There are 2 protein chains.
Amino acid sequence: MGTKCHPTADWIFACVKRKFPHLSLGTVYRNLNILKEQGKIQELSFGSTFDRFDGNPQPHYHFICEKCGRVFDVDLPLEDHLNKKAERILHFKVNYHRLEFFGKCGNCQ
Amino acid sequence: MGTKCHPTADWIFACVKRKFPHLSLGTVYRNLNILKEQGKIQELSFGSTFDRFDGNPQPHYHFICEKCGRVFDVDLPLEDHLNKKAERILHFKVNYHRLEFFGKCGNCQ
DNA sequence: ATATCTGCAAATGGTTTGCGGAGGA
DNA sequence: TCCTCCGCAAACCATTTGCAGATAT
């Protein structure tokens with residue numbers, strides 16, 4: 001939590017191992033999962049272990065069911081003004097953004 | 001492209017194999033990657049093979065460098081009205097959303 | 001003929017797990 | 001003693017890749 005760098009498990013392993021040379025990678029993963037369950041950290045991934053593909057290459061938004069993992073298109077107009085807002089804050093060039101909604105789908109609620 | 005179900009590679013494999021029983025999974029992955037490079041489909045993943053973790057469990061937005069993969073926080077106010085908009089379209093309950101900006105970071109541009 | 005694509009099977013690599021032992025209460 | 005956590009190494013599994021044969025131009 002003391003870093004802003006959004007670390008990978010491996011990065012954490014390398015760091016902590018400097019102080020605890022016997023540390024094993026399994027322990028890092030185990031504790032990351034515990035912290036995640038406790039809501040103290042979040043994992044930045046698409047939510048599933050599989051990659052999913054979308055036959056529509058145009059940018060558009062998605063809804064992901066937290067229970068069954070199904071993915072739906074969301075036909076909202078793109079909020080492209082957000083790119084400019086982010087650029088002003090970051091001072092980086094923003095090419096596009098992706099927006100995903102999470103909740104429970106019709107079958108699962 | 002004829003489905004709206006955002007398929008996994010495995011789902012495509014099972015479908016196409018019905019028509020081409022000798023099809024192999026490697027071929028599916030190879031062609032998905034070609035289509036992706038050609039911009040005809042998109043892959044729905046966080047962009048890297050590693051999972052990344054965030055010590056801040058509060059919802060907030062991220063910027064991901066398309067070149068080096070580094071992740072930055074974006075201190076924009078949450079656009080929570082979008083949840084309601086998505087609910088009206090989908091008729092599903094939306095709990096939260098995630099927003100990621102893509103571009104090149106200061107080091108990479 | 002030659003360049004590309006395929007099936008197959010093995011390799012890859014990040015993540016998970018089983019097990020026996022160490023440490024704490 | 002009992003429970004929890006750990007290191008270690010093997011297992012897991014989605015994805016990639018090397019190779020030799022098939023296909024297409």
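In what follows, every chain begins at residue 1, and chains take the letters A, B, ... in the order their sequences are listed. The shown structure was predicted, so the numbers you read here are calculated from the model rather than taken from an experiment.
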Visitor: Contact list please: residues 4-13 of chain B against DNA chain C, heavy atoms, distance less than 4.0 Å, in numerical order.
Guide: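 Per residue number, the list is empty: none.
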Visitor: Grab the CG-P distance between B:N31 and C:dC5 for me, whole Å please.
Guide: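 The answer, rounded to whole Å, is 8 Å.
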Visitor: Tell me which residues in residues 34-42 of chain B lie within less than 4.0 Å of DNA chain D, going by non-hydrogen atoms.
Guide: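 None, since no heavy atom is under 4.0 Å.
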Visitor: Please check: side-chain N/O of B:Q42 versus main-chain N/O of A:N56, any donor-acceptor pairing under 3.5 Å?
Guide: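 Yes; judged by distance alone, with no hydrogens or angles, the pair exists.
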Visitor: Please lay out, stage by stage, how B:E87 and B:K85 fare under the test salt bridge (charged side-chain N to carboxylate O under 4.0 Å, His left out).
Guide: CA-CA 5 Å; B:E87 280 183 1; B:K85 280 198 197 176; over 6 Å; no
Visitor: Got a sec? Which of residues 14-27 of chain A come in under 4.0 Å of DNA chain D, heavy atoms?
Guide: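 A:H22, A:L23, A:S24, A:T27, in order of number.
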Visitor: Could you walk me through whether A:D73 and B:H6 pass side-chain contact (heavy atoms from CB on, under 4.5 Å), step by step?
Guide: CA-CA 9 Å; A:D73 288 332; B:H6 306 81; 2.7 Å; yes
Visitor: Is the distance between the ring centroids of A:H62 and A:F102 under 6.0 Å?
Guide: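 That pair fails the under 6.0 Å test.
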Visitor: Rounded off to whole Å, could you give me the CG-to-C1' distance for the A:L44 and C:dG14 pair?
Guide: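 Going from CG in A:L44 over to C1' in C:dG14 covers 16 Å.
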Visitor: Counting just side-chain N and O atoms, does A:N33 come under 4.0 Å of either OP1 or OP2 of C:dT16?
Guide: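 Yes, because at least one side-chain N or O of A:N33 sits under 4.0 Å from OP1 or OP2 of C:dT16.
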Visitor: Under the salt bridge (Lys or Arg N to Asp or Glu O under 4.0 Å) test, which residues partner A:K36, sequence neighbours left out?
Guide: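 For A:K36, the residues satisfying salt bridge (Lys or Arg N to Asp or Glu O under 4.0 Å) (neighbours in sequence not counted) are A:E43.
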Visitor: Tell me if the centroids of the rings in B:H97 and B:Y61 come within less than 6.0 Å of each other.
Guide: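 Yes: the rings meet the under 6.0 Å criterion.
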Visitor: Suppose we call two aromatic rings close when their centres sit under 6.0 Å apart. Are B:F72 and A:F92 close by that rule?
Guide: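 Aromatic pair counts; centres sit under 6.0 Å.
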Visitor: Using the ring-ring contact (aromatic ring centres under 6.0 Å, His included) criterion, which residues pair with B:F50? Sequence neighbours excluded.
Guide: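 Scan of B:F50 (ring-ring contact (aromatic ring centres under 6.0 Å, His included), adjacent residues dropped) gives none.
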Visitor: Looking only at non-hydrogen atoms, find the nearest pair between A:S24 and A:F13 and report the distance.
Guide: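 Looks like C-CE1, 3.6 Å.
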Visitor: Provide, to the nearest angstrom, the distance between the CZ atom belonging to B:R30 and the P atom belonging to D:dT17.
Guide: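 In whole Å, D:dT17 P and B:R30 CZ are 10 Å from each other.
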Visitor: Expressed as a whole number of angstroms, how long is the span from B:E43:CD to D:dA14:P?
Guide: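 One finds 15 Å between P of D:dA14 and CD of B:E43, rounded.
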Visitor: Which residues pass the salt bridge (Lys or Arg N to Asp or Glu O under 4.0 Å) test with B:E66, sequence neighbours left out?
Guide: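 With sequence neighbours excluded, B:E66 shows a salt bridge (Lys or Arg N to Asp or Glu O under 4.0 Å) to no residue whatsoever.
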Visitor: Atom CG in B:D51, atom CG in A:L44: separation rounded to 0.5 Å?
Guide: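 One finds 9.0 Å between CG of B:D51 and CG of A:L44.
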